[in-house]
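Counting starts at 1 for both ligands and their atoms, in listed order. As a basis for the values below, the full set of heavy atoms in this structure was taken, side chains included, without hydrogen atoms, waters or symmetry mates.
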Amino acid sequence: MSADHWGIDPKICFLNHGSFGACPLPVLEVQGALRRSMEADPVRFLDGELEGRLDEVRAELGRMVGADPDDLAFVPNATTGVNTVLRSLRFEPQHEILVTDMEYNACRNVADFAVSRARVIAAPVPFPGASPEAARSAILSRVTPRTRLALLSHITSPTGVILPLESLVPELQSRGIDVLVDGAHAPGQVPVDIARLGAAYYTGNCHKWLCSPKGAAFLHVRRDRQANVRPLVISHGANSRRTDRSRFRLEFDWTGTGDPTPYLCVLASIRFMASLMPKGWADVMKRNHELAVEARRILAAALEVPEPCPESMLGSMAALPLPPDLTRAPAPAKGSDPLQERLRVEFNIEVPIFSWPFADRKLIRVSAQFYNRREQYEQLADALRRLRQN
Ligand SMILES: Cc1ncc(COP(=O)(O)O)c(C=O)c1O
């Protein structure tokens, strides 16, 4: 069975790959072997072999996300990718950063931090009632002559919608506004073609939908922007006299001693996931998308709410607004939502509930990864029906 490749506790109905994706057991075995090899001869591994091994993985990742591998840097997570760009750039008091009200909270915080003297403008994107056109015009209507940069999710966190970046990125950049794409959720959920998209900056997670071990993500910086982007940690690369590699490469490839095995396993995870279906990734994404669409249908019926956006805006996640009979308990300042807690404790279901865009409006978001099955969403729908009756 497909779930056998994952070590997820069978007692839990795990529908939250979007928050923390589980890594398949064969990939964890590769990681274990790499760690043993590193610890057998640390100097040879880190000083002698690591650079070549990273090159090999970057080449595979470049093919997966449509990028020249020389423009890709490994970072531990997308939060670091967003920090790296926003804290490298200089913002003046008259500048604005454009975001949407669907940005991931941590990344929105980075924008607020980076522009302490400038302003962050959040475009409200309709949801329910989302459409690519509505999202596009909501974002473009907030552009002003002061907009310096746009930070846009490829797939949004609370609402799980694909933003229409294919049209937004060229439009914004033709107006002189660089785009930083927060693609935390995109690689492995939808085809990603960074070269075609042309954004100045793109960060994406490998430890979510590519199923790499935790601590694997990348930052792509377009070549004409690389001189201004420095890693958060300055190390040997800053004054290296090597001329065989770009300064970007030299700086990002070594940021101090750490465990490089999450990065090194990206190759194994891309190939393992592709091996699960006859047509590889195209099939995996299609299967998960269809399951997410079906899950949404099942849940919309149980919750008696309309589907909030077209299927074309979904990858492998789907969010639905909760009806008022399930949103009475206020969300706590710390910890998970009381409904999320009840689903976990009383029904063994792991699924996130978000307060969005305000504290008293709540969304439920399901994920569909290869180990998930239709019956799990029916189990969730039954639980929600029972909670609505109480
Ligand atoms: C849109 C978005 N950006 C960034 C992140 C942060 O990812 P990470 O914790 O891997 O940095 C998330 C996490 O779910 C996300 O949904």
Check your understanding: Angle class for the F127/W356 ring planes (parallel below 30°, perpendicular above 60°, tilted otherwise)?
Key -> perpendicular
Practice item. Anything under 30° is parallel, anything over 60° is perpendicular, the rest tilted; go ahead and classify F248 against F252. Key: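 The arrangement is tilted - the two ring planes meet at 30° to 60°.
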Check your understanding: Side chain or backbone of A217 under 4.0 Å from ligand 1, or both, or neither, by non-hydrogen atoms?
Key ->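 A217 to ligand 1: no contact under 4.0 Å from either part.
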Exercise for review: With the side chain counted from C-beta on, respond yes when S269 and C23 share a heavy-atom pair under 4.5 Å apart, and no when they do not.
Suggested key: no
[atom]: the protein heavy-atom neighbour that sits closest, reported with distance to 0.1 Å:
atom                    : result
atom 6 (C) of ligand 1  : Y104 CE2, 3.3 Å
atom 16 (O) of ligand 1 : H185 NE2, 2.8 Å
atom 9 (O) of ligand 1  : T79 OG1, 3.8 Å
atom 3 (N) of ligand 1  : D182 OD2, 2.6 Å
atom 7 (O) of ligand 1  : N205 ND2, 3.3 Å

Check your understanding: Would F370 and H5 count as a ring-ring contact (aromatic ring centres under 6.0 Å, His included) if you check the C-alpha gap in whole Å, the side-chain angles of each, and the deciding distance to 0.1 Å?
Key -> CA-CA 10 Å; F370 204 77; H5 297 304; 7.9 Å; no
Check your understanding: What's the verdict on side-chain hydrogen bond (donor to acceptor under 3.5 Å, both in side chains) for T80 and N77, showing C-alpha distance, side-chain angles and the deciding distance?
Key -> CA-CA 5 Å; T80 301; N77 47 56; 2.7 Å; yes
Review point. So with a 6.0 Å cut-off around CZ of R388, is the heavy-atom count from everything else above 12?
Key: yes
Which ligand 1 atoms does [X] reach within 4.0 Å, using its non-hydrogen atoms?
X    : value
A78  : 10 (O), 11 (O)
A184 : 2 (C), 3 (N), 4 (C), 5 (C), 12 (C), 15 (C)
N77  : 8 (P), 10 (O), 11 (O)

**Study point:** Closest candidate by heavy atom, reference atom 13 (C) of ligand 1, pool E103, K208, M102, H207
**Key:**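 Going through E103, K208, M102, H207 one by one, K208 has the nearest heavy atom to atom 13 (C) of ligand 1.
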Exercise for review: Apply the salt bridge (Lys or Arg N to Asp or Glu O under 4.0 Å) test between D68 and each candidate in R63, R223, R58; give the one that qualifies.
Suggested key: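 Of the listed residues R63, R223, R58, the salt bridge (Lys or Arg N to Asp or Glu O under 4.0 Å) partner of D68 is R223.
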